[in-house]
Each structure stands twice: as C-alpha cells, then as structure tokens.
Amino acid sequence: MSPYAAGRRRVHRSVAAVVPLAVAAALLSARSADASAPAAQAQVVRTATLEDVPLGTFSNGLLPGSVADDRGVDLGGIGSDIYPAGRKGEFWTVTDRGPNGQIKVNGSKRRTFPVPGFDPAIVRIKVTGDTVHVLRALPITTSSGKPVTGLPNQAGRDEAPYSYDARTALSYDPNGLDTEGIVRAADGSFWLVDEYGPSLVHVSARGEVLTRYVPRGLGLTGTDYPVVEALPEVLLHRKINRGFEGLAQLPGGDLVIALQSPLSLPDTDAGEASLTTRLLRFSPKRKAVTAEFAYRFDPVGVVDPGEDDTSELKISSVVAVGGDRLLVEERTDRAARLQVVRLDRKADILGGRWDDDTTSPSLEQLADPAGSGVPVLAKRLAVDLGKVAGVPGKIEGVARVDHDTLALINDNDFGMTDGTGAFDAQGRLVDSGIETKVVHVRLPRGI
C-alpha cells in the first residue's frame, strides 16, 4: 500500500492496459502497410488503475497547508505524460494544472479551479498487478520553494480563473504552469512543457524550476524563477489551452516539442480549420531552438470516425524511438493514432517566412502546404489505437517499454466534468467515474 493511500470510498473507474507494439519493424520497414492491419492485430496485454488518494492528502504531504479543501477530489490528472523511470514497471508522470472545468455564466464560459491551492507535481508510479501505486512525488516549486500553482499567468492572454462554482474571480499567478510532457535528462533533472506560454520548463531533480523558456515578446513578469524569451515569437499565436503538450528526448539529448494544435494565425477561425501544426527541436546545450517542422494531421474523420470538427485534433505525445525518429500521437478525446516520423533536416522551416506572422496566407491557412512548397514531414501509421479493444479515451501519455510494447496513460481530468453538475449542493465533487489507467499495448512485428 502506498504511503498516499487513504480510506476514502473507492469510486470505480476504468484502467488502462499495456499494448505491445512492433515499433522496430515499423521504423525499419520502408514498405507501405495496410493501415487496418496494425490495429487489427495490436492488443492490450495489461491494464492497471491508479489507487485512490485524496487530493488534499497528496498535496499537503508535499507542501503542508497548500490545500485547505480538496472538495472530495482524488489524485488524478497524472496522465499528462509518462516516461520510463529505469526500473521495470516504473514510470515518471506529471500532473496537469489541477482540477479545472468550465461553467457557462450569462452565455460565456468561465474556467473554474475548484482546488486553487493545488500545485502541479512530478509523480513516480509503479505498475503492480492491476494497480498503479504512487511511489514518490516532487512538488514543482519556484526558486524560493513556493508552489508554482496551476493558475493562469496573464490577464487578456489566458482565461480568467474562477472558483468551483464560477461565481468568484481568482487571482492570476505569473508562476503558474499548465504542465504536460515530461522527460528526464541524464543529470537527473527534468524537462516539462507548458500550455500557457507556451513554455519549455527545466526543473531540478528536486522539483525547483531552474528556467522557463517562453516565446520572444511574451513579456511575462513577476515570476519567482528565471524566464528566458528563447522561442519563436510566432508561438504567441497559440490557441488558448492548446500550447505545448508533447515532449520527447532524442538519443543525443536534444528535445522535440509538439505544439498541441495549429496556431490561431492569422485568427481563431484559421486555426480551428487548419490541419497543420508545428514541432520544434531544442538544444539544452545551446539553450535555443535549432529547427522547426511543419506537421500535418490526417483528416479528423480518419483519426476519429464520426467526428467532423477539425479543431478536435491534437498532438498529445511524442516519443523518441531511435535516431531522429519519433512516434507522434494524433488524437481526439475518443480516439488516437500513432505515426512514425523522421525529423529530416531538409524540412526545417525555422526563421523563414512561416515564422513571420504577417505572411499571407499563413502556414495554417494553406490547404495543401506541400503543394505550396512547404516541406511537410512524411509519416507512416504505426497503429490505430481507436481500433484496439481496451484502450481508454483521452490518451495523453505514451512511453516505449521495449521493441514491441508501449505503455499508455489517460488523463481522467481528476474525475471532473464541465457544467454546474460537477459539484453537489455541498460543493463536493460528483465523480465522473473515469479512472486513471496505465495500459500496455503490444504491436505485432512486420508493421
């Protein structure tokens, strides 16, 4: 039993299993394959569910007094990403910004933060049998040891934060992070990505923010940690709540960052309709972006049959699988497909006309970027997870376990739903019943 376990009544939620995958064959084979074959043969071989841990118990065990009332919420949201921890069955995960939802007031949606004292954390887990245990956790803190919180940073750029019932406005916090992807560097430190800035965040082995890298021109002030404007200015056009989400570490130590959705360039409508997002290559040694790539989604109905809203497409995870090759997860909340991509230096668009926000039409507006001379990354389907029985919805984290097995983790949103029904009359959570799951998926050879 984990030291975080408590006696709160367990609410049944679903569990994710591990699906073995023939990644190596997919990377080595240059032959095209029937897109339905990998999905038809891939299978879930293991599923485990996160143990119940009251959020107040978890948070106050890390930072005493940080959460006065958890409103009946259990630890969740650790499915923002998953990264191998070096021991069998053990992984590093990261929470997102904490419990949050939306409630419509007078026709406008308000972003709610029911547990505003929650501090995002790096969580080490172990899969044992059908249970996911919390082994340890690191609160993410500022230079002076204070919690970063998960609250939005800037009025006018980020959504305004409100209390659980959307009635009381909360304060913005320039230190706040909406943490997503995670990798661990050779020196024991961590790299995370954030949706607000969007940001790349370097965190010490103890959880202290060492540096937050943001787009040039962001003008974020008042932080209790160093902020460096080192990312392309065009990223200031990121869609709200769709900043950086995927993060991979290449064998040489370089990082690959995935922008979750197309930029809102030149406006929101263009971004909502676009199929083109961006990947960045960042050198920790040079502390700079060294390459940028155009990545093209498949049509939304291909990723998620029955869905017709292109804006539902997202990249949530990128995984290094050798050399300059990646697995890239294209998803909606219901379905996901993993694509094999190679970062071809000839496809680098960094510093060119597509990073100039006055270019018209913008990269995001091009119906056929390749036909317009944009070197879009080539990709090949590895597996359609939407066709694999037992894979839960909203998969946000993917890790490579071995040459044919992947570990997947879902984001259960802390058991929250949107709307006024998320909490009862006493302000206690009405749990969605969705559990955090780790699923192992095995992919057949010969993909």
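Just so it is clear, the values below take in all heavy atoms, side chains as well, and ignore hydrogens, waters and symmetry mates. Since we're looking at a predicted model, the values are computed, not measured.
- When all heavy atoms of Thr223 and Tyr225 are compared, the pair lying nearest together is OG1-O, 2.9 Å.
- Residues Lys88 and Asp402 are not paired through a salt bridge, judged by the lack of any N-O separation under 4.0 Å between the basic side chain and the carboxylate.
- Dense packing is recorded around CZ of Arg345, with more than 12 heavy atoms of other residues, nucleotides or ligands lying under 6.0 Å away.
- A salt bridge is absent between Asp418 and Lys109; no separation between the charged side-chain nitrogens and carboxylate oxygens falls under 4.0 Å.
- Here Asp324 does not pair with Arg342 in a salt bridge; the nearest charged N to carboxylate O distance is not below 4.0 Å.
- Only one option out of Val340, Leu250, Val319, Val321 pairs with Leu326 in a side chain to side chain contact (heavy atoms under 4.5 Å, CB included); it is Leu250.
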- prompt: Can Asp119 and Ser66 be said to form a side chain to side chain contact (heavy atoms under 4.5 Å, CB included), step by step?
  reply: CA-CA 8 Å; Asp119 185 51; Ser66 57; 5.8 Å; no
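- Atom CG of Leu377 sits about 11.5 Å away from atom CD of Gln339, to the nearest 0.5 Å.
- The pair Arg296-Asp298 fails the salt-bridge criterion, with no side-chain N (NZ, NE, NH1 or NH2) lying under 4.0 Å from an Asp/Glu carboxylate O.
- Counting only N and O atoms by type, the side chains of Glu51 and Thr131 include no donor and acceptor under 3.5 Å apart.
- When only modelled atom types and interatomic distance are considered, Glu180 and Ser80 share a side-chain donor-acceptor pair under 3.5 Å.
- Residues Glu195 and Asn241 have side chains that never bring a donor and an acceptor to within less than 3.5 angstrom of each other.
- For the pair Ser189/His202, a side-chain contact is recorded, criterion being any heavy-atom separation below 4.5 Å from C-beta on.
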field: From CA spacing to verdict: side chain to side chain donor-acceptor pair (under 3.5 Å), Ser144, Asp224
entry: CA-CA 7 Å; Ser144 62; Asp224 185 26; 2.4 Å; yes
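- For the pair Phe297/Val302, no side-chain contact is recorded, criterion being any heavy-atom separation below 4.5 Å from C-beta on.
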- prompt: Could you go step by step and tell me if Ile395 and Ile409 meet the side chain to side chain contact (heavy atoms under 4.5 Å, CB included) rule?
  reply: CA-CA 6 Å; Ile395 293 295; Ile409 191 167; over 6 Å; no
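- Between Glu90 and Arg124 there is a salt bridge, since at least one side-chain N of the basic residue sits less than 4.0 Å from a carboxylate O of the acidic one.
- In this structure, OG on Ser204 lies 10.0 Å from CG on Asp187, to the nearest 0.5 angstrom.
- Ion pairing of Glu245 with Arg331 is present here, as a side-chain N (NZ or NE/NH1/NH2) and a carboxylate O approach within less than 4.0 Å.
- At least one side-chain heavy atom of Leu177 sits less than 4.5 Å from a side-chain heavy atom of Val201.
- Only one option out of Arg238, Arg111, Arg97 pairs with Asp158 in a salt bridge (charged side-chain N to carboxylate O under 4.0 Å, His left out); it is Arg238.
- Looking at Gln249 and Tyr83, their side chains do bring a donor and an acceptor atom within 3.5 Å of each other.
- The pair Glu330-Arg337 does not count as a salt bridge, with every side-chain nitrogen at least 4.0 angstrom from each carboxylate oxygen.
- Across all their heavy atoms, Leu385 and Val391 have their closest contact at O-CB, 4.0 Å.
- Atom CG of Leu381 is separated from atom NZ of Lys379 by 9.0 Å, given to the nearest 0.5 angstrom.
- The shortest side-chain heavy-atom distance between Leu200 and Trp191 falls under the 4.5 Å cut-off.
- Residues Thr149 and Asp173 bring a donor and an acceptor atom of their side chains to less than 3.5 Å of each other.
- Aromatic ring pairs are classed by plane angle as parallel below 30°, tilted from 30° to 60° and perpendicular above 60°; the pair Trp92 and Phe190 is perpendicular.
- Within the 4.5 Å cutoff, no side-chain heavy atoms of Asp309 are placed close to those of Val300.
- Under the 4.0 Å criterion applied to side-chain N and carboxylate O atoms, Arg281 and Asp348 are not assigned as salt-bridge partners.
- In this structure, Phe414 and Phe118 have perpendicular ring planes: the angle between them is above 60°, well past the 30° mark.
- Atom CH2 of Trp354 and atom CD1 of Ile349 lie 8.5 Å apart (nearest 0.5 Å).
- What you find for Gly217 and Glu229 is that their closest heavy atoms are N-OE1, 2.8 Å.
- Remark: Ile257 CD1 to Leu280 CG distance equals 5.5 Å, nearest 0.5 Å.
- Considering only heavy atoms from C-beta on, Leu279 stays 4.5 Å or farther from Leu259 through its side chain.
- The only option from Leu350, Asp355, Ile315 that meets the side chain to side chain contact (heavy atoms under 4.5 Å, CB included) definition with Arg278 turns out to be Asp355.
- Using a 3.5 Å distance cut-off with no hydrogens or angles, the side chains of Arg212 and Asn175 do not pair a donor with an acceptor.
- Taken from OG1 in Thr141 to CG in Leu63, the straight-line distance is 7.5 Å, to the nearest 0.5 Å.
- Tested against His237, the residues Thr268, Leu265, Asp267 include a single side chain to side chain contact (heavy atoms under 4.5 Å, CB included) partner, Leu265.
- For the pair Pro114/Met416, a side-chain contact is recorded, criterion being any heavy-atom separation below 4.5 Å from C-beta on.
- The nearest pair of heavy atoms linking Glu396 to Asp411 is OE2-OD2, 3.4 Å.
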